[in-house]
Amino acid sequence: DALQAEIDAAPLASGDEAEAFRVRFLGRKAGAVTALFGKIGSVPPEARRAVGQKLNALRQSAEARLDEMQSAASGASAEATDLDLTLPGRIPAPLAPGSLHPLTQTLESIQDIFAQFGFAVARGPEIEDDWHNFSALNFPANHPARDMQDTFFLEPPAPEGRGIVLRTHTSPVQVRVMEEAVRSGGGPPIRVIAPGRVFRNEAVSFKSYFMFHQVEGLVIDEGVSFADLKAVIFAFARAFFGGEPKMRFRPSFFPFTEPSAEVDVWWEDESLPGGGRWLEILGCGMVDPNVLDSVGIDSERYTGYAFGMGVERMAQIRYDVDDIRLYYENDQRFLRQF
Ligand code: PHE
C-alpha cells in the first residue's frame, strides 16, 4: 500500500522524470515493483494468488501513469506542429508609417538652403539668462524694449537685471556663438544659423502661440555690408519659394541691429482686395557695434549682419495653413496631409 501511494504521488511531468519513474518502479534490476515480484516465491502458497493480484495491480497502475504521461506529451507536440512559424503576422489594420511634421520639413529645407550658402548650425539653450537674451543684445536695463517680447520669467528680474527667462528669440545664440569664437581665440569670420524654439507670453489665437520656431542667422567678417544681407535673403527666398518671389525690405527697429529691417513676401489671394497681402517673414539688420563690443569683438575692424526668421510663417506660406494652432494639436487629419 505504501508503494502504491508512492507510485501515485511520484512527479511525472518531464521526460527525465518519466525515465526516473520507470527505473525506480519498473526497472528490471532495481525497480521496486520488479523486486517484489522476485520475492513471490517466499510467500506461502495459499496467499500467493492474492499477493500476485495485488502486485499486478501495482505494476499496471505504474504503467498506466507512464502511458498517460506519454500520450499527454505527444498530444502537446501534435499541437505544437499546428504552429506555422512561416505564416505572416496578423496585422489589425494597415500600418501607418507616419511622416515628418510640416514644421520639421520646413525647418529642414531652410537648413538645407543655408548649408549650401556655407552656414554652419549652432544651438543654444531654451532657458536663457538676461545677459544673453537681452543685455548683451543692447536692450537697455528696464527699457520698454524688453516688453516688446512678452517674456516668460522663470526667475523674476533682480535689481541688477539678472532674471532667468524662456528665450524670447534665437538672437541669444548670436551672443553665445560670438563669445565662444572669442574664447577659443578663433574670432570672426562667423557664418552660422541657429534654429530653435522660442517662447512668448501672448494670448493664443490663430496668428500667435506661446511657443514658436525661429531660424537665426549671423555673419561677421571684415567688410560685410547691408548689400550682402540683401543678397543672402533674396537668394534664400528664391530657393525656398521657387521662382522670383515678390518681396520688400521695410525699415524697422531692433536694439541689436542698426539699421534694422523687416522683410515681407507677397501672399497672393484672389479673394482679398488688391489680390493678396504682405506677410512678414523675418527681422534683420546690421549687427549693432554695441553688441560686438559687449562680446569683445573689435567693432572697428569687423561688421556683420543678422536675421531672425519665423518658421511657422514660412510653413504657412508654403502649405497655405493660416492657423498656427493647427501645428500643435497633433490632429492626424491635419498631419496626414504632409
Ligand atoms: N530677434 C528678432 C525677433 O525676435 C529678429 C531679429 C533677429 C532681428 C536678428 C534682427 C536680427 O523678432
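We count ligands from 1, going down the list as the structure has it; atoms in each ligand are counted the same way. Computed from a predicted structure; not experimentally measured.
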Asks: Just jot down the ligand 1 atoms closer than 4.0 angstrom to any heavy atom of Ala306, in number order.
Replies: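 Answer for ligand 1: 9 (C), 11 (C).
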Asks: Which is closest to atom 5 (C) of ligand 1 by heavy-atom distance: Pro255, Gly310, Gly308?
Replies: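 When every heavy atom of Pro255, Gly310, Gly308 is considered, Gly308 comes closest to atom 5 (C) of ligand 1.
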Asks: Salt bridge check: are Glu180 and Arg183 linked by an N-O gap of less than 4.0 Å?
Replies: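 Salt bridge flag = yes for Arg183 with Glu180.
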Asks: Measure the distance from atom 2 (C) of ligand 1 to every protein heavy atom, then report the residue, atom name and distance (to 0.1 Å) of the closest one.
Replies: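 Residue, atom and distance for the closest contact: Phe256 CZ, 3.8 Å.
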Asks: Identify the heavy atoms of Asp322 and Phe206 that sit nearest to each other, and give their distance.
Replies: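 Closest pair (atom of Asp322, atom of Phe206, distance): O-CD1, 3.6 Å.
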Asks: Using a 3.5 Å distance criterion without hydrogens, assess whether the side chain of Glu262 forms a donor-acceptor pair with backbone atoms of Arg250.
Replies: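 Not at all, since once roles are kept as given, no pair shorter than 3.5 Å links the two residues.
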Asks: Nearest heavy atom to atom 8 (C) of ligand 1: which of Gly217, Pro172, Gly285, Gly283 does it belong to?
Replies: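 When every heavy atom of Gly217, Pro172, Gly285, Gly283 is considered, Gly283 comes closest to atom 8 (C) of ligand 1.
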Asks: Which atoms of ligand 1 are found less than 4.0 Å from any heavy atom of Gln174?
Replies: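 In order of numbering, the contacting atoms are 9 (C).
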Asks: Holding to salt bridge (Lys or Arg N to Asp or Glu O under 4.0 Å), I want the full list of residues that pass it with Glu68, two or more places apart in sequence or in another chain.
Replies: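 So Glu68 forms no salt bridge (Lys or Arg N to Asp or Glu O under 4.0 Å) with any residue.
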Asks: Report the part of Ser171 (side chain from C-beta onward, or backbone N, CA, C, O) that has a heavy atom under 4.0 Å from ligand 1; answer both or neither where that applies.
Replies: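 Only the side chain of Ser171 comes within reach of ligand 1.
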Asks: Judging by distance only, is a nitrogen or oxygen of His169 under 3.5 angstrom from one on ligand 1?
Replies: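 Yes, at least one N or O pair falls under 3.5 Å.
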Asks: Within the 3.5 Å criterion, strictly below it, is a donor on Arg200 or Ser208 matched to an acceptor on the partner's side chain?
Replies: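 Absent: no donor and acceptor within the cut-off.
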Asks: I need the nearest protein heavy-atom contact for atom 4 (O) of ligand 1: residue, atom name and distance, please.
Replies: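 Protein heavy atom at minimum distance: Arg200 NH2, 2.8 Å.
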Asks: Indicate yes or no: does an N/O atom of Thr257 lie under 3.5 Å from an N/O atom of ligand 1?
Replies: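 In fact, backbone or side chain, Thr257 has no N or O that close.
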Asks: Would Glu202 and Lys207 count as a salt bridge (Lys or Arg N to Asp or Glu O under 4.0 Å) here? Give the steps.
Replies: CA-CA 10 Å; Glu202 286 178 4; Lys207 63 174 178 186; over 6 Å; no
Asks: Closer than 3.5 angstrom, by distance alone: can the side chain of Arg48 be matched with the main-chain N or O of Gly41 as a donor-acceptor pair?
Replies: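 Yes.
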Asks: Identify the heavy atoms of Thr106 and Ala315 that sit nearest to each other, and give their distance.
Replies: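 That would be OG1-CB, 3.4 Å.
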Asks: Against heavy atoms of Phe307, which atoms of ligand 1 measure under 4.0 Å?
Replies: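 Answer, ordered by atom number: 7 (C), 9 (C), 11 (C).
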Asks: Based purely on interatomic distance, does Thr168 place a nitrogen or oxygen under 3.5 Å from a nitrogen or oxygen of ligand 1?
Replies: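 Checking ligand 1 against Thr168, no N or O pair falls under 3.5 Å apart.
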